[in-house]
Amino acid sequence: MSLETITLEHLPASYKAHLAFFRDIKNASFLHQQLLARNADFEYAFIDASIVFSRTQILSAIFKATVAAVNGELKTPNVHSEIVTSLSSSNNIADAYRRYGISPSTKDLIVVRVTFPANNAPPIQPDQIWEHLKANVEGEALDPTNETIATATDLPKVRKYYKLNGLKWLDDIKDDKIKNREMETLILNGMALRGV
């Protein structure tokens with residue numbers, strides 16, 4: 001199974017995040033339409049993988065959105081749309097959906113589902129989530145590791161969206177490992193300081 005279940009630290013143990021990564025999806029338009037129709041069966045965070053630089057970036061957005069949900073401070077309709085907007089470095093929700101969320105032209109997709117008990121009902125189980133995704137996402141499922149995610153990253157787009165172009169000191173770093181660590185730090189800082 002290529003669905004990873006993550007327990008989020010500093011949150012109730014009943015809250016779990018389920019993460020999947022799909023390459024070369026063929027039905028992005030269908031999935032996008034399900035979100036627009038607010039189909040409850042498709043309550044996921046569908047993230048365009050081309051803007052994802054690292055797992056840490058995704059985990060940071062999941063944590064921020066889930067904390068907002070636990071505290072009753074969501075700025076969007078649900079925790080999944082909040083995850084998408086948490087990826088943004090600006091407060092413009094529509095812009096965040098357009099840049100970071102799924103579109104009909106999305107080729108690679110990261111899917112997140114946050115589960116928690118609601119109304120005394122047990123949360124949906126990981127195998128149910130995985131079966132639903134396998135039945136509805138037409139693409140190659142891969143483990144959501146930094147290495148596989150990097151195969152989908154559109155670095156010029158990431159640099160543009162997080163305003164990392166024109167940083168001479170960053171461009172001057174020759175060691176790719178150090179440059180990537182610095183870029184990740186700048187991306188996470190942009191997400192954390194959103195709206196400040």
ask   = Any idea which heavy atoms bring Lys177 and Asp175 closest together, and the distance?
value = N-OD1, 2.9 Å
key: SB check Glu184 Arg181 (cutoff 4.0 Å)   = no
inquiry  = Parallel, tilted or perpendicular, judged at 30° and 60°: which one describes the rings of Phe42 and Phe30?
reply    = perpendicular
ask   = Short question: side chain of Ser88, backbone of Val84 - any donor-acceptor pair under 3.5 Å?
value = no
inquiry  = Strictly distance-based, threshold 3.5 Å: is any side-chain N or O of Thr66 a donor or acceptor partner for the main-chain N or O of Phe63?
reply    = no
request  = Decide side-chain contact (heavy atoms from CB on, under 4.5 Å) for Leu59 and Ile62; before the verdict, give the C-alpha distance in whole Å, the side-chain angles of both, and the deciding distance to 0.1 Å.
outcome  = CA-CA 5 Å; Leu59 295 175; Ile62 293 169; 4.3 Å; yes
message = Walk me through whether Phe22 and Val111 qualify under side-chain contact (heavy atoms from CB on, under 4.5 Å).
response = CA-CA 8 Å; Phe22 293 89; Val111 182; 4.1 Å; yes
note = Taken to the nearest 0.5 Å, the spacing of Glu131 CD from Ile129 CD1 works out to 11.5 Å
task = Evaluate side-chain contact (heavy atoms from CB on, under 4.5 Å) for Thr85 paired with Lys75, printing each intermediate quantity in order.
result = CA-CA 9 Å; Thr85 61; Lys75 294 179 178 121; over 6 Å; no
task = For the pair Tyr100 and Tyr161, name the ring-plane relationship: parallel under 30°, tilted 30 to 60°, perpendicular over 60°.
result = perpendicular
ask   = How many angstroms lie between atom CD of Gln57 and atom CG of Leu188, to the nearest 0.5 angstrom?
value = 7.0 Å
inquiry  = With clusters defined by side-chain heavy atoms of hydrophobic residues (ILVMFWY) lying less than 4.5 Å apart, directly or transitively, does Ile149 cluster with Leu87?
reply    = yes
Main-chain N/O of Thr145 paired with Asp143 side-chain donor or acceptor, under 3.5 Å = no
request  = Starting at OG1 of Thr5, measure out to CZ of Arg113 and round the result to the nearest 0.5 Å.
outcome  = 12.0 Å
salt_bridge(Arg159, Asp171) N-O dist < 4.0 Å = yes
request  = Using a strict cut-off of less than 4.0 Å between a Lys/Arg side-chain nitrogen and an Asp/Glu carboxylate oxygen, indicate whether Glu4 and Arg55 qualify as a salt bridge.
outcome  = yes
request  = Find out whether Met183 and Phe53 are in side-chain contact, i.e. whether some heavy atom of one side chain is under 4.5 Å from a heavy atom of the other.
outcome  = yes
ask   = Has the side chain of Thr106 got a donor or acceptor atom that lies under 3.5 Å from a matching backbone atom of Ile102?
value = no
key: Rounded distance [0.5 Å steps], CG in Asp154 versus NZ in Lys107   = 13.5 Å
ask   = If two hydrophobic side chains count as joined below 4.5 Å and joins carry through other members, does Leu193 share a cluster with Leu167?
value = no
task = For Asn71 and Glu73, indicate whether the former's side chain and the latter's backbone hold a donor-acceptor pair under 3.5 Å.
result = no
key: Spacing of CD1 belonging to Ile58 relative to CD1 belonging to Ile110, to within rounding of 0.5 Å   = 4.5 Å
note = For Leu3 and Pro126, the nearest pair of non-hydrogen atoms, with its separation, is CD2-O, 3.3 Å
key: Beyond-backbone contact of His18 with Val112, side-chain heavy atoms, under 4.5 angstrom   = no
request  = Answer whether the closest heavy-atom distance between the side chains of Asp41 and Asn136 falls below 4.5 Å.
outcome  = no
query = Ser89 and Lys163: side chain to side chain donor-acceptor pair (under 3.5 Å), yes or no, with the steps?
reply = CA-CA 9 Å; Ser89 59; Lys163 297 174 178 46; 4.9 Å; no
request  = Evaluate the criterion side chain to side chain donor-acceptor pair (under 3.5 Å) for residue pair Lys157 and Ser50; output intermediate values, then yes/no.
outcome  = CA-CA 8 Å; Lys157 190 190 298 187; Ser50 69; 2.8 Å; yes
Least distance between heavy atoms, Lys16 atom then Ala13 atom = NZ-O, 3.2 Å
query = Do Leu109 and Leu31 come within less than 4.5 Å of each other through their side chains, counting heavy atoms only?
reply = yes
task = Answer yes if Phe46 and Leu142 sit in the same cluster of Ile, Leu, Val, Met, Phe, Trp and Tyr residues linked by side chain heavy atoms under 4.5 Å apart, and no otherwise.
result = no
message = Hydrogens and angles aside, do Thr151 and Thr148 bring a side-chain donor and acceptor to less than 3.5 Å of each other?
response = no
query = Is any NZ, NE, NH1 or NH2 atom of the basic residue among Arg98 and Asp95 found under 4.0 Å from an Asp or Glu carboxylate oxygen of the other?
reply = yes
ask   = Short question: side chain of Gln128, backbone of Ile124 - any donor-acceptor pair under 3.5 Å?
value = no
query = Quick one: does Lys64's side chain have a donor or acceptor within less than 3.5 Å of a partner on Met191's backbone?
reply = yes
query = Should Lys179 and Glu182 be marked as a salt bridge (charged side-chain N to carboxylate O under 4.0 Å, His left out) after you check the CA-CA gap, both sets of side-chain angles, and the distance that decides it?
reply = CA-CA 5 Å; Lys179 183 184 280 190; Glu182 292 294 334; over 6 Å; no
key: Hphob cluster co-occupancy, Leu35 + Leu133, side-chain heavy atoms under 4.5 angstrom   = yes
inquiry  = With a 6.0 Å cut-off (strictly less than), is the heavy-atom count around NZ of Lys160, excluding the residue itself, greater than 12?
reply    = no
inquiry  = Looking at Gly139, is its backbone amide N or carbonyl O close enough to the side chain of Asp24 to form a donor-acceptor pair, meaning the two atoms are under 3.5 Å apart?
reply    = no
ask   = Would you say Ile47 and Val114 are hydrophobically clustered, going by side-chain heavy atoms of ILVMFWY under 4.5 Å?
value = yes
message = I want to know whether Tyr97 and His32 have ring centres closer than 6.0 Å.
response = no
message = Using only atom types and a distance under 3.5 Å, with no angle test, would you say the side chain of Thr153 pairs donor to acceptor with the backbone of Leu155?
response = no
request  = Before giving the answer on side chain to side chain donor-acceptor pair (under 3.5 Å), spell out for Gln34 and Tyr44 the whole-Å C-alpha distance, their side-chain angles and the decisive distance to 0.1 Å.
outcome  = CA-CA 10 Å; Gln34 300 311 304; Tyr44 297 98; over 6 Å; no
note = One should read off an interatomic distance between Thr115 OG1 and Glu43 CD, to the nearest 0.5 angstrom, of 11.5 Å
